[in-house]
Amino acid sequence: MSTTASDPLATLGSLPGVPDAVDSVRKAVDPVYGHRVMRRRSNEVTAEAALRGSRGSAALAGADWNLEEVRRRTDFSGEDEARTVGAALRLTAEAGQLLSIWRQSPLRVLARLHLVAAGGAAPDDAVGRPRLAGESVDEPLIEAPLPGADEVAGRLEGLSQLIIAGTAAPALVTAAVVHGELLALRPFGSHNGLVARTAERIVLIGSGLDPKSICPAEVGHAEQGRAAYVAAFEGYTTGTPEGVAAWIAHCGRSVELGVRESTAVCEALQRGAA
């Protein structure tokens, strides 16, 4: 984020193409909230969106299981892929519990998310805190240069202050920047992608764009594919207006695909097929 404006997130919202992406997301979200199934069975739609969002986030982290396997499985210990899917499920469940804390203490929320994701899989002293100088990071999908520990600490604090101060930026812009920054920083020794996508979810819910958490962006990120995800993220890391705008648009398209998924769930429930 290279702007020095008093509200840099709002400034990003005016980048070429971003207002169109924001408008497109809003037009996609409103109809699913107006679906007749949402009047009586919104909890079922939320639960299904959570499951599908978890599956999508895990797929990007290298555990590309089909939905029925995720639904059927009860034991997520053992092999690496099972632990990844389990971490994604735990994070999605935890996200709704952290909304009230996010605006006051985002760093505390991020620490909690890493603790939940790690689930005892990392050394105790490395869980829930930003990595120290010399500590390695296990994040195979993201190959961008890894910032040093001092830079991580400074940028995390800057991101935290932006969130605490509030912004006039659209929810999509804030969510995309939070997601992109956490991927760029990879502040923890593991599970950074899962944490970043959960933080994006928290922003979308807490902003009021998706208050019932029925528009899982993780579904759309996975549907667009790992290569497209990485390419869009690499655009973000350039810091150029074009690159940042393309990342925001990519995140917007992911939300729209998540909306499409939940609309299909609503239609299935209406027919009695789910």
- Note on the structure: All heavy atoms of Val230 vs all of Leu141, minimum pair found to be CG2-CD1, 3.6 Å

- Task: Mind checking the CD1-CZ spacing from Ile202 to Arg103? Nearest 0.5 Å is all I need.
- Result: 13.5 Å

- Task: Go through the structure and list residues passing side-chain hydrogen bond (donor to acceptor under 3.5 Å, both in side chains) with Trp102, not counting sequence neighbours.
- Result: none

- How far apart are the closest heavy atoms of Val37 and Val45, and which atoms are they? CG1-CG2, 4.1 Å

- Task: Keeping to residues at least two apart or across chains, list the salt bridge (Lys or Arg N to Asp or Glu O under 4.0 Å) pairs with something in residues 15-25.
- Result: Asp23-Lys27

- Which atom pair, heavy atoms only, marks the closest approach of Val152 to Leu185? CG2-O, 3.7 Å

- Query: Which pairs pass side-chain hydrogen bond (donor to acceptor under 3.5 Å, both in side chains) with one or both residues in residues 156-170, sequence neighbours excluded?
  - Reply: Asp7-Thr167, Glu157-Gln161

- Message: Suppose we screen for side-chain hydrogen bond (donor to acceptor under 3.5 Å, both in side chains). Which residues come up paired with Glu234, at least two apart in sequence or across chains?
- Response: none

- Between the main-chain N or O of Ala49 and the side-chain N or O of Ser262, is there a donor-acceptor pair closer than 3.5 Å? no

- When rounded to the nearest 0.5 angstrom, what is the spacing between NE2 in His191 and OG1 in Thr84? 6.0 Å

- In Å and rounded to the nearest 0.5 Å, what is the CG to CG distance from Leu204 to Leu172? 7.0 Å

- Task: Report the residues that fulfil salt bridge (Lys or Arg N to Asp or Glu O under 4.0 Å) with Arg129, sequence neighbours left out, ordered by chain and then residue number.
- Result: Glu135

- Taking the side chain as C-beta and beyond, is there a heavy-atom pair between Trp247 and Thr237 under 4.5 Å? no

- The side-chain contact (heavy atoms from CB on, under 4.5 Å) partners of Ala28 (sequence neighbours excluded) come to Glu256, Val259

- Query: Could you walk me through whether Val18 and Leu12 pass the side chain to side chain contact (heavy atoms under 4.5 Å, CB included) check?
  - Reply: CA-CA 8 Å; Val18 171; Leu12 295 180; over 6 Å; no

- Query: Under the 3.5 angstrom rule, does the side chain of Thr263 hit a backbone N or O of Val32 as a donor-acceptor pair?
  - Reply: no

Please table the atom pairs, donor to acceptor, closer than 3.5 Å between any side-chain atom in residues 92-101 and protein atoms at least two apart or in another chain.
unit_1 : atom_1 : unit_2 : atom_2 : d
Thr92  : OG1    : Ser54  : OG     : 2.7
Thr92  : OG1    : Ala88  : O      : 3.0
Glu94  : OE2    : Arg112 : NE     : 2.8
Glu94  : OE2    : Arg112 : NH2    : 3.4

- Listed partners of Leu146 passing side-chain contact (heavy atoms from CB on, under 4.5 Å), at least two apart: Arg131, Val137, Arg186

- How many angstroms lie between NE2 in His35 and CD in Gln270, if you round to the nearest 0.5 Å? 4.5 Å

- Would you check if Ser190 and His114 make a side-chain contact, meaning some heavy-atom pair closer than 4.5 Å? yes

- Query: Donor-acceptor pair, Arg83 side chain versus Phe76 backbone, under 3.5 Å?
  - Reply: no

- Message: Just to verify, what does Ser207 make a side-chain contact (heavy atoms from CB on, under 4.5 Å) with, not counting sequence neighbours?
- Response: Ala171, Leu209

- Item | Partners passing side-chain contact (heavy atoms from CB on, under 4.5 Å) against Arg71 (at least two apart in sequence or in another chain) | Glu48, Leu51, Arg52, Leu67, Glu68

- Task: Provide the closest heavy-atom pair for Ala59 versus Ala222 in the form atom of the first, atom of the second, distance.
- Result: CB-CB, 4.4 Å

- Task: Would you mind reporting whether Leu89 and Arg55 have side-chain heavy atoms less than 4.5 Å apart?
- Result: no

- Task: Inspect the contact between Arg73 and Glu79 and indicate whether a charged nitrogen and a carboxylate oxygen are less than 4.0 angstrom apart.
- Result: yes

- Distance, nearest 0.5 Å, that separates CG of Asn192 from CD1 of Ile142: 9.5 Å

- Task: State, to 0.1 Å, how close Cys251 and Ala176 come at their nearest heavy-atom pair, and which atoms those are.
- Result: SG-CB, 3.7 Å

- Shortest non-hydrogen pair, Arg155 vs Pro147, comes out as NH1-CG, 4.4 Å

- Contact check, side chains of Phe188 and Leu110, non-hydrogen atoms, under 4.5 Å: yes

- Between Glu200, Arg201, Arg197, which is the residue that forms a side-chain hydrogen bond (donor to acceptor under 3.5 Å, both in side chains) with Ser57? Arg197

- Please say whether more than 12 non-hydrogen atoms of neighbouring residues, nucleotides or ligands are located less than 6.0 Å from CG in Asp150. no

- Using 4.0 Å as the upper bound for N to carboxylate O, is an ion pair formed by Arg72 and Glu69? yes

- Query: Can you find a pair of side-chain heavy atoms, one from Leu159 and one from Pro106, that are under 4.5 Å apart?
  - Reply: no

- Query: According to the ring pair (Phe, Tyr, Trp, His ring centres under 6.0 Å) rule, which pairs have a member within residues 206-225, sequence neighbours left out?
  - Reply: His179-His221, His221-Tyr229, His221-His250

- Contacts of type side-chain hydrogen bond (donor to acceptor under 3.5 Å, both in side chains), residue Asp210, not counting sequence neighbours: Tyr33

